[in-house]
K.L.:
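I'd like to ask some things about the structure below.
Just so you know, these numbers come straight off a predicted model, no measurement behind them. Proteins come first, then strands; the chains are lettered A, B, ... in the order of their sequence lines, and each starts at number 1.
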Amino acid sequence: MTGAGVNNGLIDELRDRGLLAQVSDEAGLTDHLESGSRTLYCGFDPTADSLHIGNLVPLLTLRRFQQHGHRPILLLGGATGLIGDPSGRTDERSLNQAEVVAGWVEKIRRQVEGLVSFEGNNAAIIENNLEWTAEMDVISFLRDIGKYFSVNAMIQRDSVRDRLDRDDQGISYTEFSYMLLQAMDYAELAARHHCTLQIGGSDQWGNIVSGMDLVRRKHGGEAYALTVPLITKADGTKFGKTASGAVWLSAERTSPYSFYQFWLNTADADIEHFLKVFTFLPVTEIDALLTQFREAPGERLAQKTLAAEVTRMLHGEDALDSACRITDALFSGDIGSLTEADLVQLMQDGMDTTAVDASVGLLTLLADSGLAPSRGQARKLVASGGVRINGVVAEDPERELDFSDALHGRFYLVRRGKKNWHLLVRKSDAQKA
RNA sequence: GGAGGGGUUCCCGAGUGGUCAAAGGGACCAGACUGUAAAUCUGAUGGCUUAGCCUUCGAAGGUUCGAAUCCUUCCCCCUCCA
């Protein structure tokens, strides 16, 4: 990764992995990439304090470019995040406070730092577009940037036209201007770092092309655009969502265990696709793995490999170990074999935990822990046999959990359905642990 | 501006005075089967101190023993004409 040599065949590899949605000039870009170490960028707007797994696709694509000898720039949208990208949105966004967005930028910065290398000749760079937009005055913006854009062309963009065509939604001038800001980023990075390629999700095509045009017009420079597909699932449901919401990259929002479980639950129909997109295993190795997997699908070797690879990459070896440990403990079916240390470990490894002083009613616990939406629902859940305490189906909804029959005298492992767990621990011991 | 149509529980959508916490479908949840998969089958899906009670059908009032259903005003959406 640190070498000067540039590997060829990157574009072909991206295509093999299903990572190529659109390219502005494939032959030209291929030559460009194979004739030297280039600089490319991808922008990430802070819309929350963490990125989610949808962002992983362009993020890992940057990493692939870096492995092929190119220099990636991670552009954090400290400015664009204040405006709101209309792409793919059917409604106007509400604006976030500037201080809040600035805080998000910092958190996201720390997140992306682990995914690309900052060593060597093609060390990654992190930029924040607030740097060159915050001080810009309106007149300069309109004269130096705005002059290059035709409103006639802008309103033809899908992201804008979708909103203009709607009867119930318009688009504000604020969001309409978004593509100018993004285009300006490309031009700025071209000037600062000789950046010649912007990548992004396929919904970004319009914005990226705008930037490419601006670079060419303003600087007469070389500029390319490439997008990766939005990830879809074979069953048509939205990728990246679970019952408890989006899957985040931050360990605070989505624990490494939950993250591991998300990948482990990948459908057979999606597994090849996901292995190619989300791991760095060579395609030949993935093919061999799939052959083995298809001989014994029940072993779910492919899912386990995917989950391990991605979890290790994002959260590290230790987090992967603990995720595997929790998984083994919970799904081996033998709760009674867990040692006290194992249970303490579960708690430390991020399992949802409630600590109480003495005793708590089962319904109250189910409702308060979020395992059930309400006491009434909890009651029905118990009636349908969907709740287990320490591995045993709970039959009495009025049951009091008073630790008389707790694991090691202080733990209750409560399970809803197959995959939803909650740990109840006696409070004095929770502090000690 | 004129003429019509409409806003129902997470979504779509039935319901035109009591038998309505509201058909049906989807989604989601649980159970069975399985591989912590898919498909399939079964059940559940407003809240609660759950054989009962309380709160919901755009909003606020009103009629009535009783309203999602009738009346009044208001808000919002759609279609056609100008």
Side-chain angles (χ1 to χ4, degrees), chain A residues 90-92 163 165-170 232-247 254-275 289-290 292-308 310-311 320 322-335 338 346 349-352 360-389 391-400 413-422:
Chain A
T90 54
D91 55 348
E92 180 88 8
R163 293 270 285 273
D165 288 347
R166 289 180 68 99
D167 294 309
D168 55 338
Q169 281 286 342
T232 54
K233 293 205 294 180
D235 64 5
T237 57
K238 201 167 158 59
F239 170 77
K241 294 279 185 195
T242 65
S244 44
V247 178
T254 300
S255 72
Y257 162 72
S258 302
F259 188 77
Y260 179 84
Q261 282 287 323
F262 170 79
W263 297 106
L264 193 62
N265 281 303
T266 301
D268 290 6
D270 291 316
I271 194 69
E272 175 174 0
H273 182 204
F274 288 6
L275 278 167
L289 176 68
L290 288 169
Q292 203 180 337
F293 163 68
R294 285 181 185 122
E295 283 167 11
E299 294 295 313
R300 296 184 308 135
L301 183 63
Q303 279 87 346
K304 286 175 183 168
T305 306
L306 173 67
V310 186
T311 306
L320 171 61
S322 81
C324 290
R325 200 159 51 231
I326 297 180
T327 295
D328 288 345
L330 298 185
F331 291 96
S332 66
D334 190 7
I335 302 296
L338 290 170
L346 286 187
D349 283 344
M351 171 170 286
D352 287 341
V360 63
L362 177 56
L363 294 181
T364 305
L365 176 69
L366 288 171
D368 291 355
S369 67
L371 241 33
S374 69
R375 292 173 59 83
Q377 294 291 315
R379 195 181 291 275
K380 283 163 183 155
L381 208 52
V382 171
S384 68
V387 176
R388 283 164 196 266
I389 298 167
V392 181
V393 176
E395 288 175 355
D396 176 15
E398 306 301 336
R399 174 168 177 183
E400 277 290 312
L413 204 44
V414 182
R415 172 179 143 189
R416 187 206 84 209
K418 283 198 172 55
K419 307 172 193 173
N420 308 284
W421 299 85
H422 195 86

K.L.:
Verify the contact: side-chain N or O of A/Arg300 to OP1 or OP2 of B/G35, cut-off strictly under 4.0 Å; return yes or no.
P.N.:
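Checking B/G35 against A/Arg300, no side-chain N or O comes under 4.0 Å of OP1 or OP2.
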K.L.:
Pick the nucleotide of RNA chain B nearest each of A/Ser374 and A/Gln303; which residue has the one closer to the 5' end?
P.N.:
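Closest to the 5' end, via its nearest nucleotide, is A/Gln303.
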K.L.:
How far, in whole Å, is B/G46 from B/U42 if one measures between their C1' atoms?
P.N.:
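That atom pair is separated by 24 Å.
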K.L.:
Using a 4.0 Å heavy-atom cut-off, does A/Gly298 contact any base of the nucleic acid, only the sugar-phosphate backbone, or nothing at all?
P.N.:
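Base, at least one base heavy atom under 4.0 Å.
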K.L.:
In whole angstrom, give me the gap between the C1' atoms of B/C53 and B/U34.
P.N.:
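Per the computed distance, 43 Å lies between those C1' atoms.
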K.L.:
Does B/A30 have OP1 or OP2 under 4.0 Å away from a side-chain N or O of A/Arg416?
P.N.:
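Answer yes for this pair, as a side-chain N or O of A/Arg416 is under 4.0 Å from OP1 or OP2.
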K.L.:
If we take the C1' atom in both B/A21 and B/A44, what is their distance in whole Å?
P.N.:
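Those two atoms are separated by 14 Å.
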K.L.:
Side-chain N or O of A/Lys380 versus OP1/OP2 of B/U45: is the shortest distance under 4.0 Å?
P.N.:
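Answer yes for this pair, as a side-chain N or O of A/Lys380 is under 4.0 Å from OP1 or OP2.
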K.L.:
Rounded to whole Å, how long is the line connecting atom CZ of A/Phe262 with atom P of B/A37?
P.N.:
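A/Phe262 atom CZ is separated from B/A37 atom P by 15 Å.
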K.L.:
Regarding A/Gly417, tell me which of base, sugar-phosphate or nothing describes its non-hydrogen contacts under 4.0 Å with the strands shown.
P.N.:
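Answer is sugar-phosphate: A/Gly417 comes under 4.0 Å of backbone atoms only.
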K.L.:
Given the P atoms of B/G61 and B/C10, what is the spacing between them in whole Å?
P.N.:
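To the nearest whole Å, 22 Å.
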K.L.:
At less than 3.5 Å, do the side-chain atoms of A/Lys304 and the base atoms of B/U36 form a donor-acceptor pair?
P.N.:
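Answer no: no donor N or O sits under 3.5 Å from an acceptor.
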K.L.:
Return the nearest nucleotide to the side chain of A/Asp268; candidates are B/G35, B/C29, B/U36.
P.N.:
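Among the listed nucleotides, the one closest to the side chain of A/Asp268 is B/G35.
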K.L.:
Starting at the 5' end of RNA chain B and moving along, which residue's nearest nucleotide shows up first, A/Arg375 or A/Phe331?
P.N.:
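Mapping each residue to its closest nucleotide by heavy atoms, the 5'-most match is A/Phe331.
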K.L.:
If pairing requires Watson-Crick or G-U wobble contacts with both distances under 3.5 Å, which nucleotide is the partner of B/G17?
P.N.:
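The answer is none; no pair meets the criterion.
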K.L.:
Strictly by Watson-Crick or wobble contacts shorter than 3.5 Å, is anything paired with B/U79, and which nucleotide is it?
P.N.:
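Matched B/U79 with B/A3 under the 3.5 Å cut-off.
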K.L.:
Answer yes or no: does a side-chain N or O of A/Asn420 lie under 4.0 Å from OP1 or OP2 of B/A30?
P.N.:
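Yes, such a contact exists.
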K.L.:
Please confirm whether the backbone N or O of A/Gln377 pairs with a side-chain atom of A/Arg375, one donor and one acceptor, at under 3.5 Å?
P.N.:
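No.
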K.L.:
Counting only side-chain N and O atoms of A/Gln377, is one of them less than 4.0 Å from OP1 or OP2 of B/A44?
P.N.:
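No, because none of the side-chain N or O atoms of A/Gln377 sits under 4.0 Å from OP1 or OP2 of B/A44.
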K.L.:
Which of these, A/Thr311, A/Val247, A/Val310, sits in a side-chain contact (heavy atoms from CB on, under 4.5 Å) with A/Phe262?
P.N.:
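By the side-chain contact (heavy atoms from CB on, under 4.5 Å) criterion, A/Phe262 pairs with just one of A/Thr311, A/Val247, A/Val310: A/Val247.
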K.L.:
If I take atom CD in residue A/Glu395 and atom C1' in nucleotide B/A30, what distance separates them, rounded to the nearest angstrom?
P.N.:
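Taking atom C1' of B/A30 as the reference, CD of A/Glu395 is at 15 Å.
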K.L.:
C1' atom, B/A22 versus B/A68: distance in rounded Å?
P.N.:
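These two C1' atoms come out 8 Å apart once rounded.
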K.L.:
Nearest whole Å is fine: how far is B/A37 C1' from A/Gln261 CD?
P.N.:
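Interatomic distance, CD of A/Gln261 to C1' of B/A37: 13 Å.
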K.L.:
If you measure from the P atom in B/C54 to the same atom in B/U19, how many Å do you get, rounded?
P.N.:
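Per the computed distance, 15 Å lies between those P atoms.
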K.L.:
Can you tell me how far P in B/C75 sits from the matching atom in B/A59, rounded to whole Å?
P.N.:
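The same atom, P, in both gives a distance of 15 Å.
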K.L.:
Nearest-Å distance, CZ (A/Arg294) to P (B/A38)?
P.N.:
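Answer to the nearest Å: 17 Å.
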K.L.:
So, is A/Lys419 near the phosphate of B/A37, with a side-chain N or O under 4.0 Å from OP1 or OP2?
P.N.:
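For B/A37, OP1/OP2 do have a side-chain N/O of A/Lys419 under 4.0 Å.
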K.L.:
Under 3.5 Å, side chain of A/Asp270 to main-chain N/O of A/Ala234, donor-acceptor pair present?
P.N.:
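Confirmed, A/Asp270 side chain pairs with A/Ala234 backbone.
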K.L.:
I'd like to know if the side chain of A/Asn265 reaches the main chain of A/Gln261, judged simply by a donor and an acceptor atom lying under 3.5 Å from each other, with no hydrogens or angles considered.
P.N.:
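Checked: pair present.
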K.L.:
Looking only at atom P, what distance separates B/U79 and B/U69, rounded to whole Å?
P.N.:
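One P to the other, the span is 27 Å.
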K.L.:
Which part of the nucleic acid, if any, lies within reach of A/Thr327 when heavy atoms closer than 4.0 Å are counted: base, sugar-phosphate only, or nothing?
P.N.:
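Answer is base: heavy atoms of A/Thr327 come under 4.0 Å of a base.
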K.L.:
So which nucleotide from B/U50, B/G31, B/A30 ends up closest to the side chain of A/Lys418?
P.N.:
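Within the option list, the nearest is B/G31.
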K.L.:
Without swapping roles, check the side chain of A/Thr305 against the backbone of A/Leu301 for a donor-acceptor pair under 3.5 Å.
P.N.:
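Answer holds: yes.
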K.L.:
Could you let me know what B/G52 is paired to, Watson-Crick or G-U wobble, both distances under 3.5 Å, or none if it's on its own?
P.N.:
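Looking at the geometry, B/G52 pairs with B/C48.
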K.L.:
Taking CZ from A/Arg379 and P from B/C53, how many angstroms apart are they, rounded to a whole number?
P.N.:
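Rounded to whole Å, this separation is 16 Å.
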K.L.:
Go through the steps to decide whether A/Glu299 and A/Arg294 satisfy the test salt bridge (Lys or Arg N to Asp or Glu O under 4.0 Å), and finish with yes or no.
P.N.:
CA-CA 9 Å; A/Glu299 294 295 313; A/Arg294 285 181 185 122; over 6 Å; no
K.L.:
Across the strands shown, which category fits A/Leu264 at heavy-atom distances under 4.0 angstrom: base, sugar-phosphate, nothing?
P.N.:
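Result for A/Leu264 = base.
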K.L.:
Would you kindly give the OH-to-P distance between A/Tyr260 and B/U36, to the nearest whole Å?
P.N.:
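Rounded to the whole Å, the gap is 13 Å.
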K.L.:
Tell me: CZ of A/Phe274 to P of B/A38, nearest whole Å?
P.N.:
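So the CZ-P distance, A/Phe274 to B/A38, works out to 13 Å.
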K.L.:
Calculate the interatomic distance between A/Phe293 atom CZ and B/G35 atom P; express it in whole Å.
P.N.:
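Between P of B/G35 and CZ of A/Phe293: 13 Å.
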K.L.:
Between A/Arg416 and A/Val387 (side chain of the first, backbone of the second, donor and acceptor by atom type, cut-off under 3.5 Å), is there such a pair?
P.N.:
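Looks like no, no N/O pair under 3.5 Å.
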K.L.:
Does this structure show an ion pair linking A/Arg379 with A/Glu398, if we count only N-O contacts that are shorter than 4.0 Å?
P.N.:
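Yes, A/Arg379 and A/Glu398 are salt-bridged.
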